[in-house]
Protein chains: 2
Amino acid sequence: MSETDPRAAEQAPSARPHTGRRRNEAAHRAILDAALHLLADSDGTPVTIDAIARTAGVGKQTVYRWWPSKGAVLLDALTDRADRDVSDQPDTGSLRTDLRAFIETTFDAAQRSTTASALRTVVREAARDPHLAELMQTFTATRRTALHELLARGRERGELDGGADLDLIVDQVYGLFWYRFLLGHAPLDAAAAERLAATLTEGNRVS
Amino acid sequence: MSETDPRAAEQAPSARPHTGRRRNEAAHRAILDAALHLLADSDGTPVTIDAIARTAGVGKQTVYRWWPSKGAVLLDALTDRADRDVSDQPDTGSLRTDLRAFIETTFDAAQRSTTASALRTVVREAARDPHLAELMQTFTATRRTALHELLARGRERGELDGGADLDLIVDQVYGLFWYRFLLGHAPLDAAAAERLAATLTEGNRVS
DNA sequence: CGCTTGACAAGACTAGCAGTCTCGGCAACC
DNA sequence: GGTTGCCGAGACTGCTAGTCTTGTCAAGCG
């Protein structure tokens with residue numbers, strides 16, 4: 001995008017590959033591992049950068065050299081774990097079955113012992129950190145899109161009313177999920193997933 | 001509860017009514033007004049106790065003499081306003097109509113210009129302040145109970161399935177509400193209220 | 001080998017905020 | 001006029017995010 005700039009070639013990464021000491025990958029991993037470990041048994045209490053650096057046996061500046069803010073580290077640590085949990089949704093041909101499976105998977109993944117308190121902590125931090133909130137939103141967007149497509153398939157098959165508001169249904173799923181997940185006053189179990197899927201399909205079927 | 005304790009009478013408020021200077025009601029009101037005013041145009045950014053005290057023309061210690069924490073002040077200021085907004089729900093005899101009205105009222109009340117950012121700020125603070133979170137929960141409990149009773153009336157009239165999970169329906173309403181209210185990515189308008197009420201009644205009607 | 005570059009650990013430092021403490025003053029009632 | 005307790009002002013502690021400094025160490029280059 002900068003071919004018109006004669007200095008671009010000089011600044012391009014290939015022009016002068018690297019000099020000086022190389023990045024320490026062990027430190028990089030140690031930071032992510034420390035962050036995830038601290039998040040995992042933090043149970044909602046904030047995790048400090050000092051604690052992460054100390055646990056990783058690393059200087060604070062090394063953390064800030066590779067991440068712009070505390071939130072970025074936390075989210076990176078979380079996605080590092082969550083990426084392994086993403087699974088494609090099966091297409092059984094029944095909206096209600098697909099939806100129930102999607103919701104149940106979401107509930108289960110969030111409540112895995114290693115993930116749960118990490119996720120809770122990050123969301124709580126995001127409530128006060130606009131930058132982290134934005135990162136979170138792109139993080140959740142993929143899941144929202146997947147659900148939206150699942151619903152669109154069902155609507156095309158005639159299992160939902162043509163005028164159904166898919167965005168609203170998506171928000172009903174994630175609204176309930178976050179509400180119960182963060183407050184913890186009621187279960188996010190298979191029964192809840194089943195009932196939620198039933199309500200949403202029955203309440204929006206072709207009239 | 002302490003009649004067996006001989007010191008109870010001495011410690012009872014009537015034993016020694018009061019000595020010393022009286023509480024300054026003007027300062028009390030000035031603090032609440034300052035808090036509400038700052039909350040109203042804070043748009044999510046935290047409100048500091050220093051700012052409240054300075055705006056109210058009051059010493060910080062005066063704030064902490066009457067409220068135990070920052071969260072308590074904020075919530076007190078908020079409820080001071082919200083109490084005037086509570087209205088009884090009409091019982092039209094139709095669950096769907098009652099539910100639609102309840103949801104729409106909730107949406108509207110939360111989005112009143114003076115309330116909206118105040119509520120957003122308090123909830124964001126509550127994410128990091130367990131004490132405030134607890135206060136918030138008793139604050140919202142009244143509204144949740146009202147909705148639950150509205151649903152129970154409908155179920156008794158046979159408008160909902162006998163096995164319907166009313167707690168889940170309540171959480172679906174407030175889950176969606178908070179989700180959209182806090183993220184602000186989609187509207188909380190009359191159309192959304194209408195569709196939500198329709199989905200919930202249709203999706204849980206007698207089978 | 002010696003030089004330059006840049007990552008590294010350690011930790012001092014700044015800035016902002018919640019909540020506490022101290023002080024001198026003032027109002028109410030004895 | 002003395003005691004009690006509220007008041008405004010502001011210093012102070014403790015905690016945390018993020019920056020800056022210092023001295024060191026590793027990687028390539030000539």
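Every chain is numbered from 1, with letters handed out A, B, ... down the list of sequences. Being a predicted model, the structure only gives us computed values, none of them experimental.
- In this structure, A:E104 pairs ionically with A:R100, as a charged nitrogen and a carboxylate oxygen lie closer than 4.0 Å.
- Note: B:H28 and B:W67 have parallel aromatic rings, judged against thresholds of 30 and 60 degrees for the angle between ring planes.
- The interatomic distance linking A:I31 (CD1) with C:dC8 (C1') rounds to 10 Å, in whole Å.
- Here the P atom of nucleotide C:dC17 and the CZ atom of B:R128 are 13 Å apart, to the nearest Å.
- Taking side-chain N and O atoms only, B:R22 has a distance below 4.0 Å to OP1 or OP2 of C:dC29.
- Toward the 5′ end of DNA chain D lies the nearest nucleotide of B:G59, the other residue of the pair B:G59 and A:D50 mapping further downstream.
- Annotation: side chain of A:L176 is in contact with side chain of B:L168 (closest heavy-atom distance under 4.5 Å).
- Nearest to the side-chain atoms of A:I49 among the listed nucleotides C:dG19, D:dA17, D:dC7 stands D:dA17.
- Both tests hold for B:R143 against B:F102: distance to the six-membered ring centre under 6.0 Å, angle to the ring axis within 45°.
- Side chain A:K60 to base D:dG18: a donor-acceptor pair is found below 3.5 Å.
- The closest donor-acceptor contact from the side chain of A:D98 to the backbone of A:T92 lies under 3.5 Å.
- Relative ring orientation between A:Y174 and A:F177 is described as perpendicular, the plane-to-plane angle rising above 60° on a 0-90° scale split at 30° and 60°.
- In this structure a side-chain-to-backbone donor-acceptor pair under 3.5 Å is present from B:T199 to B:R195.
- The stretch residues 61-74 of chain B touches DNA chain C through B:Q61, B:Y64, B:S69, B:K70, each having a heavy atom within less than 4.0 Å of the strand.
- With distances taken from any side-chain atom of A:R21 to the nucleotides C:dG19, C:dC8, D:dC6, the minimum falls on C:dC8.
- Taking five base pairs at each end of the helix from C:dC1-D:dG30 to C:dC30-D:dG1, the local helix axes there meet at an angle of 10°, rounded to 10°.
- Using a cutoff of 4.0 Å between basic side-chain nitrogens and carboxylate oxygens, A:R29 and A:D80 are scored as salt-bridged.
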